[in-house]
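One is the number of the first residue; the rest follow in order along the sequence.
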Amino acid sequence: VQLQASGGGLVHAGDSLRLSCTAPGSTLSSLAVGWFRQAPGKEREFVAAISSNGDETYYGDFVKGRVFISKNNAANTVYLKMNKLHPADTAVYYCAAVATVQDIVVVVYPEGYDHWGQGTQVTVSS
């Protein structure tokens, strides 16, 4: 499974962005997907995750209602909508995927994922 993350860019504080994760040649409908981010000099941080059926979601502690993950299986895409962006959100954002035994399982640890995308840079200016 090859994942492609896109949608990053340079935005101002307070703006919104929607990141996309696609899997050309594979189907995300059978995979649980997560988003992680990594800022320079910092460890990879969990952002959000969604189950393969799209019904279950989980968010990192810092999200505080600003971030929403969704899944469009027909479009074979997982989205990460981020609102009220802050300079502290500046990082490379990665999507990851894994097949799970049950379609309601969400995976929050990076070690739980088998497939990773290349990442998309998000830069938030003050």
Side-chain angles (χ1 to χ4, degrees):
V1 178
Q2 292 191 347
L3 302 174
Q4 293 182 356
S6 62
L10 173 62
V11 297
H12 296 292
D15 287 350
S16 298
L17 267 181
R18 189 180 74 167
L19 307 183
S20 299
C21 178
T22 59
S26 303
T27 175
L28 287 177
S29 63
S30 61
L31 301 173
V33 176
W35 284 94
F36 295 81
R37 69 182 188 182
Q38 188 164 21
K42 295 187 177 181
E43 294 186 353
R44 189 167 295 188
E45 181 178 31
F46 170 72
V47 179
I50 191 164
S51 59
S52 62
N53 67 0
D55 288 345
E56 303 296 325
T57 59
Y58 198 83
Y59 295 92
D61 292 339
F62 72 91
V63 165
K64 298 179 181 179
R66 299 186 299 119
V67 173
F68 300 93
I69 188 170
S70 60
K71 202 177 194 208
N72 185 333
N73 284 331
N76 205 36
T77 304
V78 171
Y79 302 101
L80 185 73
K81 179 70 182 299
M82 301 187 293
N83 301 316
K84 299 180 181 179
L85 285 163
H86 187 274
D89 294 316
T90 295
V92 178
Y93 285 72
Y94 299 91
C95 62
V98 64
T100 55
V101 175
Q102 293 181 305
D103 59 4
I104 60 171
V105 171
V106 292
V107 181
V108 302
Y109 296 104
E111 296 82 4
Y113 287 94
D114 294 330
H115 311 287
W116 290 83
Q118 83 288 0
T120 184
Q121 175 71 47
V122 173
T123 302
V124 184
S125 64
S126 57

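Between Leu17 and Gly9, the closest heavy-atom pair is CD1-N, 4.2 Å. Residues Gly8 and Thr120 approach most closely at N-OG1, 3.1 Å, considering heavy atoms.
A donor-acceptor pair is defined here as one N or O able to donate and one able to accept, closer than 3.5 Å; such a pair exists between the side chain of Ser125 and the backbone of Val11. Of the possible donor and acceptor atoms, one in the side chain of Gln118 sits under 3.5 Å from a partner among the backbone N and O of Ala5. Within the 3.5 Å criterion, the main-chain N or O of Asn53 finds no donor-acceptor partner in the side chain of Lys71. Between the side chain of Asn76 and the main chain of Ser26, a donor-acceptor pair closer than 3.5 Å is present. When atom types are taken as modelled, the side chain of Thr90 and the backbone of Val124 share a donor-acceptor pair closer than 3.5 angstrom.
The CG atom of Asp103 sits 9.0 Å away from atom CD of Glu56, with the distance rounded to the nearest 0.5 Å. How far CH2 of Trp35 is from CE of Met82: 8.0 Å, rounded to the nearest 0.5 Å. Separating the OG atom in Ser51 from the CD atom in Gln102 is a distance of 11.0 Å, to the nearest 0.5 Å. Atom OH in Tyr93 sits 9.5 Å away from atom CD in Gln121 (nearest 0.5 Å). The CG atom of Leu31 sits 8.0 Å away from atom OG1 of Thr100, with the distance rounded to the nearest 0.5 Å. Atom CZ of Arg44 and atom CZ of Arg37 lie 13.0 Å apart (nearest 0.5 Å).
Between Asn83 and Phe68, the closest side-chain pair of non-hydrogen atoms falls below 4.5 Å. No side-chain heavy atom of Val106 sits under 4.5 Å from any side-chain heavy atom of Thr57. The side-chain heavy atoms of Gln4 and Pro24, taken from C-beta on, include a pair separated by under 4.5 Å.
Under the 4.5 Å side-chain heavy-atom criterion for ILVMFWY residues, a single connected hydrophobic cluster contains both Tyr58 and Tyr94. Taking hydrophobic clusters as Ile, Leu, Val, Met, Phe, Trp and Tyr residues chained together by side-chain heavy-atom distances below 4.5 Å, Val63 shares a cluster with Leu85. If you chain together hydrophobic residues whose side chains sit under 4.5 Å apart, Val107 and Ile50 never meet in one group. Note on Val108 and Val47: separate hydrophobic clusters, where clusters join Ile, Leu, Val, Met, Phe, Trp and Tyr whose side-chain heavy atoms are under 4.5 Å apart, directly or indirectly.
Take Tyr59 and apply the ring-ring contact (aromatic ring centres under 6.0 Å, His included) test, not counting sequence neighbours, and it matches no residue. With sequence neighbours left out, Phe36 forms a ring-ring contact (aromatic ring centres under 6.0 Å, His included) with Phe46, Tyr113, Trp116.
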Problem set entry | Val78 vs Ile69, side-chain contact (heavy atoms from CB on, under 4.5 Å): CA-CA, chis, key distance, verdict | CA-CA 7 Å; Val78 171; Ile69 188 170; 3.9 Å; yes
For this session: Could you walk me through whether Leu19 and Val122 pass side-chain contact (heavy atoms from CB on, under 4.5 Å), step by step?
Result: CA-CA 9 Å; Leu19 307 183; Val122 173; 4.1 Å; yes
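By the neighbour-count criterion of 12 heavy atoms within 6.0 Å, atom CD of Gln2 is sparsely surrounded, having that number or fewer from other residues, nucleotides or ligands.
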